[in-house]
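One structure is given here, and the rest of the page talks about it.
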Amino acid sequence: MKQKIETISEQLLKIVEQKLHNADVGHDIWHIRRVLSNAMYIQSIEGGNGSVVILSAVLHDLVDEKYFDVSQAVTEVRSLLRQFNISSEDIESVLKIITNMSFSKEIDGITQSSPEFNIVKDADRLDAIGAIGIARAFSYGNQHRRPFFDPESFPVDHLSSASYRSSKSPTINHFFEKLLQIPSKMMTHTGREMALEREGFMTDYLQHFFDEWRVWDETSAHAWNDLLQRSFKNR
Ligand code: ADP
Ligand code: NI
């Protein structure tokens, strides 16, 4: 008997929770549920294959090279979806989406485009910005033993995924190196609107952070405030 997609999604969430139990707090089951909720919202406005969107959102972190052997993970996800009687066509669409949507793939210029890919990638990116994004960034920074901020260490352009992954820069730099660039890279109209609102909150947050820092020398205070003003203008 064919089950409804909502029932399948609930069952898959339980499996995903178990598989991600060793992942960091930024990739726990709440991240997956938020991405699913963002994705369903965007899909409800922009259209696209709802089942492929739901399955991709739920499964998107199961093929992450940070936690899993990718080719083994792909085989496992394929057989899992077969057990739920998902059509081969939908299974291959889901796999194509989830193996191509990471930040690192984007830096390396690996792109995809389908309405469903755009929706799920936007949904994942939304969770990296705004209030939740700030929490995830500092949590990541703490896990990698990065300082919050160092006024003498300025943001850089990461031109490859290797440089992005091996970066030792303080967490505030990540806002300039990555997070404030997310809204302009959103693929759907709805996702972009949501991203712009979250961006406004992040730039306000950074302004407060710099105001409260107080222990500046004048040159670096100028430089950081200039950087921030430029991102206000880019809005
Ligand atoms: P994904 O799992 O979507 O490919 P990442 O593993 O790159 O993404 O990032 C997961 C979360 O950790 C995101 O919220 C991201 O902003 C944050 N993060 C990644 N790199 C850094 C960093 N250098 N400093 C602070 N936060 C980071
Ligand atoms: Ni994710």
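Both counts, for ligands and for their atoms, begin at 1 and track the order of listing. This chain uses plain numbering: 1 for the first residue, then up along the sequence. Everything numeric here is computed off the predicted structure, so don't read it as measured data.
Looking at L179 against ligand 1, only its side chain comes within 4.0 Å, counting heavy atoms. The proximity of F103 to ligand 1, defined as any non-hydrogen pair under 4.0 Å, involves the side chain as well as the backbone. Contacts between K178 and ligand 1, counted as non-hydrogen atom pairs separated by less than 4.0 Å, are absent for every part of the residue.
Aromatic ring pairs are classed by plane angle as parallel below 30°, tilted from 30° to 60° and perpendicular above 60°; the pair F209 and W213 is parallel.
Taking all heavy atoms of R136, K168, R125 into account, the minimum distance to atom 13 (C) of ligand 1 is reached by R136. Ranked by closest heavy atom to atom 10 (C) of ligand 1, the top entry among K66, H60, H27 is H27.
Within ligand 1, the atoms closer than 4.0 Å to a non-hydrogen atom of D124 are 3 (O), numbered from 1 in the order shown. Heavy-atom contacts of A128 reach the following atoms of ligand 1: 14 (O) (cutoff under 4.0 Å). Numbered from 1 in the order shown, with element, the atoms of ligand 1 that lie under 4.0 Å from a heavy atom of D64 read 2 (O).
The closest approach between F138 and ligand 1 stays at or above 4.0 Å for every heavy atom of the residue.
Contacts of M194 classified as side chain to side chain contact (heavy atoms under 4.5 Å, CB included), with partners at least two apart in sequence or in another chain: N38, Y41, I42, L126, T190, R198.
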Tell me which donor-acceptor pairs under 3.5 Å the side chains of residues 139-149 have, and how far apart each pair is, sequence neighbours excluded?
{"residue": "H144", "atom": "ND1", "partner": "Y140", "partner atom": "O", "Å": "3.0"}
{"residue": "R146", "atom": "NE", "partner": "S167", "partner atom": "O", "Å": "3.4"}
{"residue": "R146", "atom": "NH2", "partner": "S167", "partner atom": "O", "Å": "2.6"}

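Summarising the local packing, NZ of K19 is surrounded by 12 or fewer heavy atoms from other residues, nucleotides or ligands at distances under 6.0 Å. No more than 12 heavy-atom neighbours from other residues, nucleotides or ligands sit within 6.0 angstrom of CH2 on W30.
Defined by atom type and a distance below 3.5 Å, a donor-acceptor pair is missing between the side-chain atoms of N225 and Q229.
Looking at atom 18 (N) of ligand 1, its nearest protein heavy atom turns out to be H174 NE2, 3.4 Å. The nearest heavy-atom contact from the protein to atom 19 (C) of ligand 1 is Y164 OH, 3.2 Å. Nearest protein neighbour of atom 12 (O) of ligand 1, counting heavy atoms only, is Y140 CD1, 3.4 Å.
Here the options are L179, I129, D24, D127, the test is side chain to side chain contact (heavy atoms under 4.5 Å, CB included), and the partner is R136; only D127 passes.
Taking the centre of each ring, W224 and F176 come in below the 6.0 Å mark.
Distance check: D90 CG to I54 CD1 gives 11.5 Å after rounding to the nearest 0.5 Å. Taken to the nearest 0.5 Å, the CZ atom of R125 stands 9.0 Å off from the NZ atom of K185.
For a threshold of 3.5 Å applied to N or O pairs, the pair formed by R146 and ligand 1 contains at least one separation below that value.
For H31, the nearest N, O or S atom to the Ni ion (ligand 2) falls under 2.8 Å.
Note: angle at the Ni ion (ligand 2), from OD1 of D124 to NE2 of H60, is 90° (rounded to 10 degrees).
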